[in-house]
Amino acid sequence: MARRWVNSPYAFALGMFAMMVPSQAFSSFYSYFYVEKLGLGVGLATLARTIFLIWDAVNNPLFGYWSDRTETRYGRRRPWVFASIPLFMLTFVLVFSPPGGLSQNGLFTWFLVTLVLYEAVATVLWVNYGALFPELFRGDRIRAKASAIQQGYQVLALLIATALTPIIYAAINFSNMAIVYAFVFGICMLICMLSVREQRDPGRPEPMKLGAAFKETLSNKKFWVFNVSNSFAQTVNGLVSSMIPFYAKYVLRISEGQVSILLAAVFVSVIPLVGVWYWIVRRMDGVKAWRLSLILYGLSVIPLWFGYNLVSGVAAGIAVGFGLAGFLVTPAMVSGRIIDEDAERTGRRREGIYTAVSGFITRSSGLISALAFYVVGLIFGYESGDNPGSNPEATFRYLISVVPLCLLVISVVISFMARFEFHMTGKGEVKHGQEAHHQL
């Protein structure tokens, strides 16, 4: 493999594209598929997410801890990723392939079991892929570049997974759509991982014991403030994308075929706006840029309240795109500095456990989103596509605009609860292309 492709931000970003295509299709359409299409009650769907998060609370940090302790000639993270690729493909397809004729309890059981399996494998992938970012790219400038490229790939994945998915499942059904996306994931993830060469460090100190590792991680106030703040903003990402099909049907009153136009308005606008945010990050302190992105994200969801047809919905979607672009680009700067500072203090690079605990906190946003759906649906009487209640329009106006605005206000307030001052020597800034061990 050409040297310029090894540890290149462009090659590494393929992993983000690979994982985001199925992950975004799942988060955007699983509620619509199970609740609206198959008739699973919102309460049962929420219960399944709650049970999963209890399991996730255990497995997420453990996977990160085990990743940090792994030592092989191929690296610490890559073996985990390679082993997870076929399992992720299988479990993703199963989520969207329930047998026909299931009762409510049978449908709930299928959803719960496949969700637990899918999300467990997804955790292994996200923890190990995420842990590679601060390890491969050291220093703010290369991280800013790598993050912008990564988010560009992510936006392309979001566009495919949201705007094209309604067209694909209408043509070939949800199960076949899942098979197509599983193969897209497998091919792109293999290319990404074949380009990665982890830096071997024979002098690396013995990893901390499990208790000490958790104690050190959980006592880091910057880490907690940053990730709890991000979890509320991450909830908005999932909530808005998953509510768009409902918003299109009950608020804008447009056809399923036009949902792709609405989704494209959000994600196509993000592509050039990622470049704008990269320009902003290069000229601002990373923490200030992150806080600014949260504030502007909050303002950007307000126009969704005023949507009433396709044109107004598209205009509101473009506004959301600007806020979303900022939130996609800026967090990597802050999280990388937190991990670097921890390495300076402890003498150990612990990207795995930090990424895992961070992942659990942000993934808890799925529960917040599900609870918001349940509570607002309860208030306005929405239960499912078979029983939408007397005012489904109000249900989804609140869910796509008012609830996200409230969540982002909370996110901004939390972001100011710690002083993000970093004291590091700045050593160890390794840019892509620097000498590393080139074993597959």
Side-chain angles (χ1 to χ4, degrees), residues 20 24 27-28 148 151-152 154-166 229-230 232-254 258-281 284 288-331 365 369 372 376 393-413 415:
M20 282 305 302
Q24 185 64 24
S27 63
S28 294
Q151 301 318 318
Q154 179 174 350
V155 171
L156 179 60
L158 292 174
L159 180 61
I160 292 171
T162 52
L164 290 185
T165 295
S229 174
N230 269 9
F232 284 94
Q234 189 67 41
T235 300
V236 174
N237 288 2
L239 187 62
V240 169
S241 62
S242 64
M243 289 302 109
I244 282 180
F246 298 94
Y247 179 69
K249 179 178 180 178
Y250 293 110
V251 178
L252 304 183
R253 303 184 189 281
I254 61 178
Q258 291 178 312
V259 173
S260 293
I261 300 174
L262 181 61
L263 289 163
V266 178
F267 297 111
V268 169
S269 67
V270 171
I271 295 173
L273 292 172
V274 163
V276 173
W277 276 100
Y278 174 55
W279 181 87
I280 293 172
V281 168
M284 287 184 67
K288 291 180 180 178
W290 167 60
R291 286 172 174 155
L292 176 64
S293 75
L294 296 176
I295 293 169
L296 294 180
Y297 199 6
L299 295 175
S300 74
V301 301
I302 295 174
L304 290 167
W305 174 265
F306 300 99
Y308 62 92
N309 60 13
L310 178 60
V311 175
S312 60
V314 166
I318 293 171
V320 171
F322 182 72
L324 175 60
F327 181 67
L328 291 176
V329 171
T330 58
S365 64
S369 178
V376 175
E393 179 181 342
T395 301
F396 296 105
R397 279 196 192 274
Y398 275 88
L399 280 170
I400 206 164
S401 183
V402 175
V403 174
L405 177 60
C406 293
L407 292 170
L408 285 161
V409 168
I410 295 171
S411 178
V412 171
V413 171
S415 74

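What you see is a predicted model, and the numbers here were worked out from it, not measured in a lab.
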Chemist: In Å and rounded to the nearest 0.5 Å, what is the CE to CG distance from M20 to L156?
Modeler: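 If we round to the nearest 0.5 Å, M20:CE and L156:CG are 11.5 Å apart.
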Chemist: What's the separation between atom CD1 in I302 and atom CG in L408, rounded to the nearest 0.5 Å?
Modeler: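 These two atoms lie 10.0 Å from each other.
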Chemist: Is the centre of the F396 ring less than 6.0 Å from the centre of the F246 ring?
Modeler: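 Yes, the ring of F396 comes within the 6.0 Å limit of the ring of F246, centre to centre.
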Chemist: Quick one: pull up CD1 in I280 and CG in L273 and give me the separation to the nearest 0.5 Å.
Modeler: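 CG of L273 is found 9.0 Å from CD1 of I280.
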Chemist: Can you tell me if Y308 uses its side chain to pair, donor with acceptor, with the backbone of R253 under 3.5 Å?
Modeler: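 Absent.
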Chemist: With rounding to the nearest 0.5 Å, note down the distance linking CG in N309 to CD1 in I254.
Modeler: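 Taking CG in N309 and CD1 in I254, the distance rounds to 9.0 Å.
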Chemist: Locate the shortest heavy-atom distance separating V270 from G321; write the atom from each residue and the value.
Modeler: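 In this case the closest contact between V270 and G321 is CG2-O, 3.4 Å.
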Chemist: When L324 is tested against each of N237, L296, V329 for side-chain contact (heavy atoms from CB on, under 4.5 Å), which residue passes?
Modeler: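 Testing each of N237, L296, V329 against L324, the sole residue satisfying side-chain contact (heavy atoms from CB on, under 4.5 Å) is N237.
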Chemist: How close do V301 and V236 get, counting heavy atoms only, and between which atoms?
Modeler: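 In this case the closest contact between V301 and V236 is CG1-CG1, 4.4 Å.
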Chemist: Please round to the nearest 0.5 Å and tell me the distance separating atom CZ of R397 and atom CG of L252.
Modeler: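 Rounded to the nearest 0.5 Å, the CZ-CG separation comes out at 7.5 Å.
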Chemist: For a quick test of reading the model, state the closest non-hydrogen atom pair linking P404 to V240 and the distance between them.
Modeler: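 Looking at all heavy atoms of both residues, the shortest contact is CG-CG2, 4.1 Å.
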Chemist: Quick one: do S27 and S242 satisfy side chain to side chain donor-acceptor pair (under 3.5 Å)? Show the steps, please.
Modeler: CA-CA 6 Å; S27 63; S242 64; over 6 Å; no
Chemist: Answer yes if the ring centres of F322 and W277 are under 6.0 angstrom apart, and no otherwise.
Modeler: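 Centroid distance F322-W277: below 6.0 Å, so yes.
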Chemist: Of all heavy-atom pairs between V259 and P166, which one has the smallest distance, and what is that distance?
Modeler: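 Looks like CG1-CG, 4.2 Å.
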Chemist: What pair of heavy atoms forms the shortest contact from T330 to S293, and how long is it?
Modeler: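 Shortest heavy-atom separation between T330 and S293 comes out as OG1-OG, 3.1 Å.
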Chemist: If the test is side-chain contact (heavy atoms from CB on, under 4.5 Å), which one of T395, L304, I400 qualifies with M243?
Modeler: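 Testing each of T395, L304, I400 against M243, the sole residue satisfying side-chain contact (heavy atoms from CB on, under 4.5 Å) is I400.
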Chemist: Can a donor-acceptor pair be found between the side chains of S411 and S229 at a distance below 3.5 Å?
Modeler: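 Yes, side-chain donor-acceptor contact under 3.5 Å.
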Chemist: Say whether T235 and S369, considering side chains only, have a donor N or O and an acceptor N or O under 3.5 Å apart.
Modeler: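 No, S369 and T235 have no side-chain donor paired with an acceptor closer than 3.5 Å.
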Chemist: Do the side chain of R291 and the main chain of S415 share a donor and acceptor less than 3.5 angstrom apart?
Modeler: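 Yes; at least one donor-acceptor contact below 3.5 Å.
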Chemist: Would you please indicate yes or no on a ring centroid separation below 6.0 angstrom for F327 and W290?
Modeler: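 Between F327 and W290, which both carry aromatic rings, the centre distance is not below 6.0 Å.
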Chemist: If I compare all heavy atoms of P331 with all of G326, which pair ends up nearest, and what's the gap?
Modeler: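 That closest heavy-atom pairing would be CD-O, 4.3 Å.
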Chemist: Quick one: pull up OH in Y247 and OG in S401 and give me the separation to the nearest 0.5 Å.
Modeler: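 Reported to 0.5 Å precision, the distance equals 7.5 Å.
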